[in-house]
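Encoded as structure tokens, the structure appears first; notes follow it.
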Number of protein chains: 2
Amino acid sequence: MAVRPQLCEACSIKDLTFCSSLHGAEHDQLRQLLTHVQFDSHSTIFHEAEEADYVFNVTSGSVKLYKLLGDGRRQITGFLFAGDFLGLALNANYSYTAEAVEPVTACRFPRQKLEKLFDQFPHLEKRMLGMAVDELAAAQDQMLLLGRKTAKEKVASFLLMLARRQEHRGEKTDMINVPMSRSDIADYLGLTIETVSRTLTQLRKESTISLKDNRHIEAVGLDMLEDLAEGL
Amino acid sequence: MAVRPQLCEACSIKDLTFCSSLHGAEHDQLRQLLTHVQFDSHSTIFHEAEEADYVFNVTSGSVKLYKLLGDGRRQITGFLFAGDFLGLALNANYSYTAEAVEPVTACRFPRQKLEKLFDQFPHLEKRMLGMAVDELAAAQDQMLLLGRKTAKEKVASFLLMLARRQEHRGEKTDMINVPMSRSDIADYLGLTIETVSRTLTQLRKESTISLKDNRHIEAVGLDMLEDLAEGL
DNA sequence: CGAATGTTTGATGGGTTTCAAGTGTGGTGG
DNA sequence: CCACCACACTTGAAACCCATCAAACATTCG
């Protein structure tokens, strides 16, 4: 890939973002659309059912996506980190709520203008489709987790997911960064906070993991975690 | 939309399929790529991890998609019916297994040739992206179901899903068609066959549904099902 | 330092699974 | 045409995993 001056924060994240497939003039056009935005911890980026006017590219921090049932039960459908794309609903409305777990910075694109750019640069649309397909595969893995894995297997899978995405972003992997609360983990895995806590304690007692503090976990027995995640 | 002669089985399904967005000459090119294929009940259309050489458009029958854990536990990630698209993995390999629930007919497209056609007809790629986004939204709903709904709510949501898709295909909705076995339903909802059976019995005793036979269910209290599905 | 919030741990309970029989039901062959 | 068998589905009883309720402990922040 040709050398290209760094034009936006999104591109600074080592070719993980969708705009990093563009060159020179093309990228300039994209750049004119974007606005840099920030969100504090626990602030809402957008609400479910809200009009989907913007799409985002996370450049730092972490985000949780969730849906609610009528009585308040919550399911977190995904976590996003630097480089992840957000809001690729091409429908009129968002299908979930997005909330900052940690302080978040992101590039924001007006959806309609971005879609117009697709006609000019089919490259971009291909990349978008690729991302949607990847997300779909991840969603199917998560269905397998939610429907068929035990609490222990769920927690193991979750820690592995964090570790792998950390690696993918090119960060150190000796310590797993866990920016989200036990409550968020529980709502992601279809468990309660108590079960998440108990399971982590159990994994610690079995020396599969080592808890540095609530936000940092070391995977001592990575093989063990992998076997658990695959249901062996 | 312009009047267009019926060119392939896929298009005969009232504008539900992705090729129905094409016209005359464009459609002819697409048509040259497709092969009509059939699958018997319980036959495998493709396996997880297999090379994704083809994509399909279901023209009749029904299909289940599933993933397996190491010890054989199964999660059905979706059911497909006439008009549904299958295998939109743009990756090299399928991420799940597809198996015919009833005898299936489908249009088969060589993936690589289809992708080349995308460059010619951006229309098609847009439609593909739209389908991927829709599937993603459905997957997120299913995560909410698997992670946070009770058995009763799961079964109610399942029946509603079948009813709505039947309606979407333009079929009669007085009776819900249930082509899949209790075992398939259980693996779709993250339950056991016994729980599915018990829950259906319970809904029947409450007069929310009426079981004509194992493959045909009447939704007597549709409001009740909707409330259950939304967690009210 | 104290209040508020988040996390862990314990005791108990319940929804779902597991195990185990029954009860259809469709297909096959006599 | 019906007896028979295989298989799917239903129903019941017991067990279990995880949820709920409750309290202690830890951490953060004013």
Side-chain angles (χ1 to χ4, degrees), chain A residues 40-42 64 69 71-76 99 101-103 145-159 178-206 209-217 228 231, chain B residues 40-42 64 69 71-76 99 101-103 145-159 178-206 209-217 228 231:
Chain A
D40 294 334
S41 286
H42 306 126
K64 63 187 174 199
L69 283 175
D71 62 357
R73 276 172 287 171
R74 184 178 70 155
Q75 179 65 41
I76 292 184
E99 192 180 313
V101 171
E102 300 172 287
L145 177 147
L146 290 168
R148 288 298 179 223
K149 289 186 185 176
T150 64
K152 196 172 175 181
E153 291 165 345
K154 285 177 176 181
V155 171
S157 303
F158 171 70
L159 293 174
V178 186
M180 61 291 288
S181 67
R182 296 290 184 266
S183 170
D184 286 343
I185 300 173
D187 282 348
Y188 181 63
L189 300 178
L191 299 170
T192 59
I193 46 178
E194 292 94 331
T195 301
V196 170
S197 180
R198 273 186 254 271
T199 307
L200 286 171
T201 303
Q202 191 193 347
L203 288 172
R204 179 173 50 74
K205 284 183 178 163
E206 291 170 359
I209 60 172
S210 167
L211 289 136
K212 189 181 176 245
D213 60 53
N214 283 335
R215 295 288 186 266
H216 298 274
I217 294 177
L228 276 170
Chain B
D40 294 335
S41 287
H42 305 128
K64 63 188 174 199
L69 284 176
D71 62 358
R73 276 171 288 171
R74 185 178 69 153
Q75 179 65 40
I76 292 185
E99 191 180 312
V101 171
E102 301 172 286
L145 178 148
L146 290 168
R148 287 301 179 220
K149 288 187 186 176
T150 64
K152 196 173 174 183
E153 292 166 344
K154 285 178 176 181
V155 171
S157 304
F158 172 69
L159 293 175
V178 187
M180 61 290 287
S181 67
R182 296 289 183 269
S183 170
D184 286 343
I185 299 173
D187 283 348
Y188 180 63
L189 299 177
L191 299 170
T192 58
I193 44 177
E194 292 93 332
T195 300
V196 170
S197 180
R198 274 186 256 269
T199 306
L200 285 171
T201 303
Q202 192 194 347
L203 289 172
R204 180 172 52 72
K205 285 183 177 164
E206 293 170 358
I209 60 171
S210 166
L211 289 137
K212 190 182 176 246
D213 60 53
N214 284 335
R215 295 288 186 267
H216 298 275
I217 295 177
L228 277 170

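In this text, all values refer to a predicted model and were calculated from it rather than measured experimentally. Letters A, B, ... are given to chains in the order of the sequence lines, protein chains preceding strands, and every chain is numbered from 1.
- Following rounding to the nearest Å, B:Arg182 (CZ) and D:dA8 (P) show an atom-to-atom distance of 13 Å.
- Side-chain N or O atoms of A:Glu102 include none that pairs as donor or acceptor with a backbone N or O of A:Ser41 at under 3.5 Å.
- No side-chain heavy atom of B:Thr195 sits under 4.5 Å from any side-chain heavy atom of B:Lys154.
- When each of B:Asp187, B:Ile193, B:Leu191 is checked for a side-chain contact (heavy atoms from CB on, under 4.5 Å) with B:Arg182, only B:Ile193 meets the rule.
- Rounded to a whole Å, the CG atom of B:Leu189 is 15 Å from the C1' atom of C:dT17.
- In this structure, the side chain of A:Asp40 does not engage the main chain of A:His42 through any donor-acceptor pair within 3.5 Å.
- Straight-line distance from the CE atom of A:Met180 to the P atom of C:dG6: 16 Å, rounded to whole Å.
- The pair B:Asp213-B:Arg215 does not meet the salt-bridge criterion, since no charged nitrogen lies less than 4.0 angstrom from a carboxylate oxygen.
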What one-letter contact string describes nucleotides 18-30 of chain D from 5' to 3', where B marks a base within less than 4.0 Å of any protein heavy atom, S marks contact via sugar-phosphate atoms alone, and - marks no contact? SSBBB--------

Given B:Leu189 and B:Leu145, is the side chain to side chain contact (heavy atoms under 4.5 Å, CB included) satisfied, shown in steps? CA-CA 8 Å; B:Leu189 299 177; B:Leu145 178 148; 3.9 Å; yes

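- The separation between B:Leu211 atom CG and D:dA8 atom P is 19 Å, rounded to whole Å.
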Could you go step by step and tell me if A:Leu200 and A:Ser197 meet the side chain to side chain contact (heavy atoms under 4.5 Å, CB included) rule? CA-CA 5 Å; A:Leu200 286 171; A:Ser197 180; 5.9 Å; no

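- To the nearest 0.5 angstrom, A:Ile76 atom CD1 is 5.5 Å from A:Lys64 atom NZ.
- In this structure, CZ of A:Arg73 is placed 13 Å from P of C:dG15, rounded to the nearest angstrom.
- In this entry the distance linking CG of B:Asp184 with P of D:dC7 reads 16 Å, nearest Å.
- The CD1 atom of B:Ile193 sits 9 Å away from the P atom of D:dA8 (whole-angstrom rounding).
- We find that CG of B:Asp213 is positioned 12 Å from C1' of C:dG24, with the value rounded to whole Å.
- Between the axis at the start and the axis at the end of the helix from C:dC1-D:dG30 to C:dG30-D:dC1 there is an angle of 40°, using five pairs per end and rounding to 10 degrees.
- Using a 4.0 Å heavy-atom cutoff across all strands shown, A:Ser197 reaches at least one base atom of the nucleic acid.
- Judged purely by atom type and a 3.5 angstrom limit, A:Arg148 has no side-chain atom pairing as donor or acceptor with the backbone of B:Arg73.
- Considering only side-chain N and O atoms, B:Arg204 lies nowhere under 4.0 angstrom from the phosphate OP1 or OP2 of D:dC9.
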